[in-house]
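These numbers come from the heavy atoms of this one structure, side chains and all, not from hydrogens, waters or symmetry mates. In what follows, chains carry the letters A, B, and so on, assigned in the order in which the sequence lines appear, proteins first and then strands, with residues in each chain numbered from 1. Treat the numbers as computed from the prediction; the structure is a model and nothing was measured.
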Amino acid sequence: MLQDKDWCLAPHNATGFLKTEKVAEHKVAGNISWTEYLHFRVPKRYGLINITDKVEEVLLRSGVQDGLCYIGAMHITAGIYVNDAEAGLLHDISRWIERLAPFGQNYDHHRTGEDNGDAHLKSYLTNHQIVVPVTRGAFDFGTWQQIFYAEFDGLRDKRVLVKVVGLGNS
Amino acid sequence: MLQDKDWCLAPHNATGFLKTEKVAEHKVAGNISWTEYLHFRVPKRYGLINITDKVEEVLLRSGVQDGLCYIGAMHITAGIYVNDAEAGLLHDISRWIERLAPFGQNYDHHRTGEDNGDAHLKSYLTNHQIVVPVTRGAFDFGTWQQIFYAEFDGLRDKRVLVKVVGLGNS
Amino acid sequence: MLQDKDWCLAPHNATGFLKTEKVAEHKVAGNISWTEYLHFRVPKRYGLINITDKVEEVLLRSGVQDGLCYIGAMHITAGIYVNDAEAGLLHDISRWIERLAPFGQNYDHHRTGEDNGDAHLKSYLTNHQIVVPVTRGAFDFGTWQQIFYAEFDGLRDKRVLVKVVGLGNS
């Protein structure tokens, strides 16, 4: 059973964020498609990391005024979700995920030499990827909505893909 | 443990729907991006509410013929999902959600004075947001697919964001 | 309780795939919207089927270079998800889904004559639908990401909708 000490809970900042990497940019007849990778190395094996600010910076660079922003993990041992940034809630979420998809040694996947079978299951409980609506150049969010990166196999370099598609100023 | 009486199960109509609010409209070179908020006040704390008709009306107003329709809760104590509208199934879903993410007093989140820790977890089991394909001006659905609003902290005003993006008649 | 023999686990090919059906095509001012249905008949009641190659063929036919690819089940007893194609992991996933949303006779939904109540719940644990980013005409995936069709009520004809939207060569 995981302990609280195994989790990096970062309700208000992008702990483990390394850099952003611009990948592609297309602009055709008022349409914009803009792609960046966010690079992370979370300092514990498990983490719930608020990345709202980092994704917002990508949105601003894209110039998209109205459209959709895709945010997805590029690994199958991680996830992306939208929830509240309250610190106690992050503890609740981490314990709940562990209860429903526990760390352990009894996974068939471990015959390959891996020990992260639980991480593959945990990723179903958050989301692997989300889409966030963009209106007037900003995330069209309610008061408490924040974007989180869920790391279930950390202490190594991982990437999150952000693609903003939609209409620019015209 | 919740009882059936705590749930508003509405397999065939949008119980608690108050109004729709137009938020934004952009049309550029054949592209349309159209945004409305659906306002709800579900008459019980928990609810599974069929909102297919309400979202369909937004789609028709948008004029989008081919594209994607984003539907997402603007609160982190609610969700959106696609499933069958059969009444017995709604009971099954409500009990299943309660079993995996139970109401209770032992959540850290409650130290803030809230008592809705379960609602934040329940939202992972449905989806927080979905995307529905639009073809020839209609939802491109199989026979039994319906769009539901899942309320886990009702008796108050909540919003659902609908954004339709795609190509219009041209 | 389901046994392993009830599951068709296909980590490397699209077992049960019948054909693809082109549904719609729109091209306006550099924008493309392209829709196909993939038809399946999975040879067991439950299945986890790698459909990456089949969806990739749709992407190539669409001509979209930069955008989003929606992939969704057209039934509410099936799902779509992204995960690793390792054979042991597929066993782990199948057992985990069964543990959290077990087959059984005690679902209210069965009063209609159906016996697939578990399938409706299982579909919440994978995803009903996903969106995959497309960059330079290919899925913008990490090393281990593969697209799977999750069948929870097989031995009958089912469909998966693939819609690719975005910018073409220009």
>> Tell me which of these, B:Val131, B:Asn106, B:Leu161, has more heavy-atom pairs under 4.5 Å with chain A than the rest.
In response: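 The candidate making the most pairs under 4.5 Å is B:Leu161.
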> Based on non-hydrogen pairs under 4.5 Å, which of B:Thr35, B:Val165, B:Asn31 is most in contact with chain A?
Replying inline: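 Winner by heavy-atom pair count: B:Asn31.
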>> So for A:Tyr81, is it side chain, backbone, both, or neither that comes closer than 4.5 Å to the heavy atoms of chain B?
In response: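 It is the side chain, since no backbone atom gets that close.
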> Shortest non-hydrogen contact from B:Lys163 to A:Pro133?
Replying inline: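 Shortest heavy-atom contact: CE-CB, 3.7 Å.
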Neighbourhood of chain B inside [range], taking heavy atoms under 4.5 Å as contact:
| range | result |
| --- | --- |
| residues 41-78 of chain A | A:Asp66, A:Gly67, A:Leu68 |
| residues 144-153 of chain A | A:Trp144, A:Gln145 |
| residues 92-99 of chain A | A:Asp92, A:Ile93, A:Arg95, A:Trp96, A:Arg99 |
| residues 111-128 of chain A | A:Leu125, A:Thr126, A:Asn127 |

> Side chains of A:His110 and A:Gln105: closer than 4.5 Å at any heavy-atom pair?
Replying inline: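 Counting from C-beta outward, A:His110 and A:Gln105 do come under 4.5 Å.
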>> Within the structure provided, determine whether A:Ile32 and A:Val164 are in side-chain contact (heavy-atom separation under 4.5 Å).
In response: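 No - every pair of side-chain heavy atoms lies 4.5 Å or more apart.
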>> Quick check for you: to the nearest 0.5 Å, what is the distance between A:Lys19 atom NZ and A:His39 atom NE2?
In response: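 Reported value, rounded in 0.5 Å steps: 4.5 Å.
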>> With rounding to the nearest 0.5 angstrom, report the CG to CG distance, B:Leu9 to B:Leu90.
In response: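 Reported value, rounded in 0.5 Å steps: 5.0 Å.
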>> side-chain contact (heavy atoms from CB on, under 4.5 Å), that's the test. Do B:His109 and A:Asp84 meet it? Break it down for me.
In response: CA-CA 10 Å; B:His109 184 49; A:Asp84 193 344; 4.1 Å; yes
> What's the verdict on side-chain contact (heavy atoms from CB on, under 4.5 Å) for A:Phe40 and A:Leu18, showing C-alpha distance, side-chain angles and the deciding distance?
Replying inline: CA-CA 5 Å; A:Phe40 290 89; A:Leu18 298 175; 5.7 Å; no
>> Using the rule given for side-chain contact (heavy atoms from CB on, under 4.5 Å), can you reason through B:Tyr37 versus B:Thr20, listing the C-alpha separation, both sets of side-chain angles and the distance that settles it, and then say yes or no?
In response: CA-CA 6 Å; B:Tyr37 296 164; B:Thr20 186; over 6 Å; no
>> Less than 4.5 Å to any heavy atom of chain A: does that hold for the side chain of B:Ile130, its backbone, both, or neither?
In response: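 Interface part for B:Ile130: neither.
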> Measuring heavy-atom distances to chain A, does B:Ala29 have an atom under 4.5 Å in its side chain, in its backbone, in both, or in neither?
Replying inline: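 For B:Ala29, the side chain is the part near chain A, not the backbone.
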> Less than 4.0 Å between a side-chain N and a carboxylate O, is that true for B:Lys27 and B:Glu25?
Replying inline: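 Yes, charged N to carboxylate O under 4.0 Å.
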> Which is it for B:Tyr107 and A:Leu89 under the side-chain contact (heavy atoms from CB on, under 4.5 Å) test, yes or no, and what are the steps along the way?
Replying inline: CA-CA 8 Å; B:Tyr107 293 110; A:Leu89 182 65; over 6 Å; no
>> Looking at chain B, which one of A:Glu86, A:Arg136, A:His91 has the largest number of heavy-atom pairs inside 4.5 Å, strictly under?
In response: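 Heavy-atom pair counts peak at A:Glu86.
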